[in-house]
Amino acid sequence: MLLFDDYWKKIFESIQSAYPEVTEGDIALDKSGHCDLTFRAFQVMKKRGLSPDAVFSKVKETLGSADFIEKIESVGGYVNFTLKPKRLMEAIWKEMEGTNQYPDTFQDPERVSVEHTSTNPTGPIHIGRIRNSIIGDSLARLIARYGYRVTTQYFVNDSGRQVASLYAGYRKFVKVDKPTAYDLLEGYKKATEEMEKGTGMNDEVDQVIRDYEKGEPSTIEGIKKVCSIILDSINTSLSNLGIKIDDYTWESDLIRTGDVDRVMEDLEEELQDEDGAKYLMSNGRKMFLTRKDGTSLYFSRDIAYHLYKFQNFDWLIDVLGENHKEHAGHIEYVTKSLLNQEHRLDFVFYSYVSLETGKMSTRKGQIITLDELYDRAMEESFKIVKGKRPELPDKKLKEIAAGVAVSAIRFHILKLNSNKPMVFKWSEALNLEGDSAPFVMYSYARASSIMRKLENQKQSVGLEYNKEEGSLIRQMYLYPYVLVESLKGLKPENVANYLLELTRKFNDFYTNCPVINAATEEKERRVLIINAYRTIVKDAASIVGLKILEEM
RNA sequence: GGGCCCGUGGCCUAGUAUGGAUAAGGCACCGUCCUUCUAAGUCGGUGAUCGUGGGUUCGAAUCCCACCGGGCCCGCCA
């Protein structure tokens with residue numbers, strides 16, 4: 001839960017006391033530059049047959065004396081409120097002074113699970129999958145910022161057909177002593193080719209699945225070994241982006257512990273049989289839980305996984321590719337309607353990333369790995385910093401380049417509304433100007449640079465503010481509302497877009513409001529503004545995973 | 001064939017959930033500003049019938065219907 005002086009709510013409640021039919025949506029942030037908040041009185045006027053003047057007088061009567069309002073105006077059917085920047089600055093400062101954050105957070109006991117990535121361990125992670133990781137990780141950070149206890153989770157598929165073919169391919173084709181994820185991927189590609197040709201490879205894979213579910217020791221050991229190699233590689237790549245997953249659940253463990261069998265028992269009354277294979281009807285479709293040879297399918301394992309999560313968490317969030325939409329609907333139906341789970345369950349979907357040349361395909365070698373993207377982003381940003389700051393030592397340059405690279409990648413991928421299909425272009429991913437992470441980071445670095453020159457400078461809430469100061473303060477004040485909206489819609493990209501907006505406002509301030517050579521009162525209030533700005537940027541940046549640098 | 005998602009200047013996007021005031025940015029292009037706190041920046045300019053056609057409404061990028069174009073799904077795969 002977030003704590004701050006909510007003037008929006010105060011205005012809403014006052015107006016509602018005068019006109020009970022008014023909803024929160026009737027009070028809105030102004031987008032047109034007329035004011036800060038506006039009351040759209042059209043409905044009230046129509047319903048009650050009132051003139052704009054009549055509504056205006058009434059509103060003025062209830063709110064006219066509020067100490068945080070600078071002026072109230074009537075324009076057409078709008079009642080426009082301009083808030084006092086001084087009050088907004090005080091509201092920000094009040095929270096920041098004690099806790100060093102705005103807004104303050106009240107810890108919530110609810111435990112939240114955010115499952116993300118969960119990609120099949122069949123090769124190095126590519127840039128399509130990291131859309132999942134980046135959305136999931138940012139979402140987890142957002143929810144934690146809100147005060148929930150968050151655990152990030154990865155469901156490791158080590159028991160499906162893909163992994164069985166990976167292992168069969170490894171046994172047959174990979175002749176390296178200590179294979180890397182890239183070696184294993186080669187074996188997987190060959191195995192898939194063989195299977196497409198219709199050779200005996202298919203039978204080998206079936207046998208692997210049966211052996212694995214029976215608990216045959218050498219198969220178990222072998223599969224765990226290859227999966228672990230790939231999982232390690234995925235984790236190393238993700239750690240370059242600052243992403244760490246807290247909890248891994250292996251599908252095979254759910255089979256061995258009997259959790260999957262228990263799902264079958266719990267659902268017994270719903271199950272139907274077709275040649276020995278078990279299915280249930282969900283939304284008019286046959287959803288199979290086992291094959292005719294009795295081995296389990298993803299659906300039953302995923303139900304077991306969700307039951308495990310329901311036991312340990314109050315709120316489950318799954319980040320899934322849009323191809324899982326139907327599957328998610330079935331999971332929801334089974335766990336909620338058939339198995340009576342009551343805790344909250346939400347899904348966040350994202351559309352696929354493709355290349356300019358078309359879809360990504362692991363088997364055709366049509367992928368860009370995260371490692372490749374990271375290396376090229378590193379190279380590009382190093383070149384740029386080196387050009388701009390030739391006086392800095394290589395170690396420092398590298399540090400800055402790494403910060404820029406991670407931030408640029410995360411920001412570029414997160415910024416886009418997750419429903420939109422994304423076509424990956426190098427020129428856009430590596431563009432470090434305009435609406436990008438470095439744009440945000442650079443402004444922060446300039447703010448920090450000013451502060452370095454003003455150590456021990458006294459700061460204070462000022463008396464009056466000019467235009468640029470006022471609109472920066474207003475933008476900062478709005479931060480909690482962005483967090484609320486972002487959480488409500490499970491849209492961490494809102495925070496990224498807010499950062500861009502905030503940065504534009506700061507740049508306005510920076511170019512128009514000198515600090516170091518300002519007169520005393522002016523200097524003191526501007527220092528406070530800069531400190532508030534830096535606090536909020538750091539806060540928002542840590543949610544979307546930007547690496548904030550004091551110098552760049 | 002059925003279902004879900006997306007369509008906003010040449011290119012990439014914000015705004016759509018809860019309809020509201022001249023549709024907000026970036027890239028590219030043209031021009032401006034480093035003897036004031038970092039030019040990864042700033043300011044100005046060119047450029048949009050918000051996919052198309054209907055409808056609802058005082059008011060539609062936003063809601064409804066139809067159509068067009070793109071993505072995804074409709075496996076004893078995951």
Side-chain angles (χ1 to χ4, degrees), chain A residues 23-26 28 30-34 38 40 42 45-46 75-78 80 118-120 122 157 159-163 165 251 274-279 283 285-293 295-299 301-302 321-327 329 349-352 354 359 381 384-385 387-389 404 408 412 415-423 425 427-428 431-443 445-454 485 488-489 491 493-494 496-497 500-501 503-504 507-508 510-518 526 530 551-552:
Chain A
T23 63
E24 261 177 87
D26 293 331
D30 170 71
K31 295 176 201 160
S32 64
H34 290 81
T38 185
R40 301 189 282 232
F42 304 95
M45 281 159 46
K46 198 174 169 187
V75 185
Y78 299 92
N80 290 339
S118 295
T119 175
N120 287 350
T122 50
N157 169 16
S159 48
R161 196 161 193 87
Q162 271 85 339
V163 167
S165 0
E251 286 193 3
E274 189 173 298
D275 302 332
K278 305 286 185 204
Y279 69 90
N283 197 20
R285 282 201 50 211
K286 286 181 185 174
M287 292 300 298
F288 282 86
L289 290 103
T290 62
R291 298 188 181 89
K292 66 182 170 196
D293 66 2
T295 54
S296 66
L297 288 165
Y298 172 61
F299 191 46
R301 301 192 294 263
D302 205 27
E322 63 175 339
N323 57 331
H324 279 67
K325 274 187 185 176
E326 293 245 346
H327 171 79
F349 298 105
Y350 64 94
S351 274
Y352 272 30
S354 59
K359 287 186 199 185
S381 42
I384 292 172
V385 209
K388 290 180 191 294
R389 308 290 302 274
V404 170
H412 176 65
K415 199 176 56 165
L416 181 59
N417 178 336
S418 65
N419 286 326
K420 294 203 184 200
M422 177 173 208
V423 180
K425 293 180 185 138
S427 62
E428 286 171 4
N431 177 27
L432 306 179
E433 290 172 1
D435 284 352
S436 67
F439 174 68
V440 174
M441 297 163 71
Y442 181 70
S443 294
R446 295 210 290 196
S448 290
S449 170
I450 293 175
M451 294 315 299
R452 276 195 298 276
K453 291 173 177 143
L454 291 174
E485 286 303 289
K488 216 192 280 176
K491 284 169 164 292
E493 63 262 36
N494 288 358
N497 285 308
L500 291 176
E501 205 61 49
T503 300
R504 279 180 211 121
N507 287 347
D508 248 7
Y510 183 88
T511 40
N512 292 295
C513 307
V515 181
I516 291 171
N517 294 320
R526 286 180 179 170
I530 291 179
E551 188 187 354
M552 63 186 278

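Chain identifiers are assigned alphabetically (A, B, ...) following the order of the sequence lines, protein sequences preceding nucleic acid strands; residue numbering begins at 1 within each chain. The structure presented is a predicted model; accordingly, all values stated were derived computationally and were not measured.
Partners of A:D26 under the salt bridge (Lys or Arg N to Asp or Glu O under 4.0 Å) rule, at least two apart in sequence or in another chain, do not exist in this structure. For A:R526, the side chain to side chain donor-acceptor pair (under 3.5 Å) partners at least two apart in sequence or on another chain are A:E469. In this view, A:F299 and A:L280, A:M287, A:L289, A:I303, A:H327, A:H330, A:I331, A:V334 satisfy the side chain to side chain contact (heavy atoms under 4.5 Å, CB included) rule, not counting sequence neighbours. Considering only residues two or more places apart in sequence or on other chains, A:K420 meets the side chain to side chain donor-acceptor pair (under 3.5 Å) condition with none of them. Looking at residues two or more places apart in sequence or on another chain, you find no ring pair (Phe, Tyr, Trp, His ring centres under 6.0 Å) involving A:F439. A:Y350 meets the ring pair (Phe, Tyr, Trp, His ring centres under 6.0 Å) test with no other residue; sequence neighbours excluded. Every residue two or more places apart in sequence or in another chain was checked for a ring pair (Phe, Tyr, Trp, His ring centres under 6.0 Å) with A:Y352, and none qualifies. Remark: A:S381 pairs with no residue by the side chain to side chain donor-acceptor pair (under 3.5 Å) rule, at least two apart or across chains.
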Practice task
Treat a base pair as Watson-Crick or G-U wobble with both distances under 3.5 Å, then lay out RNA chain B in dot-bracket form, 5' to 3', with | for cross-strand pairs.
Solution key: (((((((..((((......[...)))).(((.(.......).))).....(((((..]....))))))))))))....
Set out, line by line, the N/O atom pairs under 3.5 Å between protein and nucleotides 76-78 of chain B.
{"unit_1": "B:C76", "atom_1": "O2", "unit_2": "A:K292", "atom_2": "N", "d": "2.6"}
{"unit_1": "B:C76", "atom_1": "N4", "unit_2": "A:E274", "atom_2": "O", "d": "3.1"}
{"unit_1": "B:C76", "atom_1": "N4", "unit_2": "A:D275", "atom_2": "OD2", "d": "3.2"}
{"unit_1": "B:C77", "atom_1": "OP2", "unit_2": "A:R291", "atom_2": "NE", "d": "2.6"}
{"unit_1": "B:C77", "atom_1": "OP2", "unit_2": "A:R291", "atom_2": "NH2", "d": "3.1"}
{"unit_1": "B:C77", "atom_1": "O2'", "unit_2": "A:Q162", "atom_2": "OE1", "d": "3.2"}
{"unit_1": "B:A78", "atom_1": "OP1", "unit_2": "A:R291", "atom_2": "NH2", "d": "3.3"}
{"unit_1": "B:A78", "atom_1": "OP1", "unit_2": "A:R301", "atom_2": "NH2", "d": "3.3"}
{"unit_1": "B:A78", "atom_1": "OP2", "unit_2": "A:Y298", "atom_2": "N", "d": "3.2"}
{"unit_1": "B:A78", "atom_1": "O3'", "unit_2": "A:N157", "atom_2": "ND2", "d": "2.4"}
{"unit_1": "B:A78", "atom_1": "O2'", "unit_2": "A:N120", "atom_2": "OD1", "d": "3.3"}
{"unit_1": "B:A78", "atom_1": "O2'", "unit_2": "A:N120", "atom_2": "ND2", "d": "3.2"}

I'd like a table of atom pairs between the protein and nucleotides 30-35 of chain B - only N or O on both sides, under 3.5 Å - with the distance next to each one.
none

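For B:A21, its base sits under 3.5 Å from the side chain of A:T38 at one donor and acceptor pair at least.
In this structure, A:H412 places its NE2 atom 17 Å from P of B:G26, rounding to the nearest Å.
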Handout entry: Sugar-phosphate or base contact per nucleotide [nucleotides 3-14 of chain B; S, B, -; heavy atom under 4.0 Å]
Key = -SSSS----SSS
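Contacts of A:K491 with the nucleic acid, taken as non-hydrogen atoms under 4.0 Å apart, are absent.
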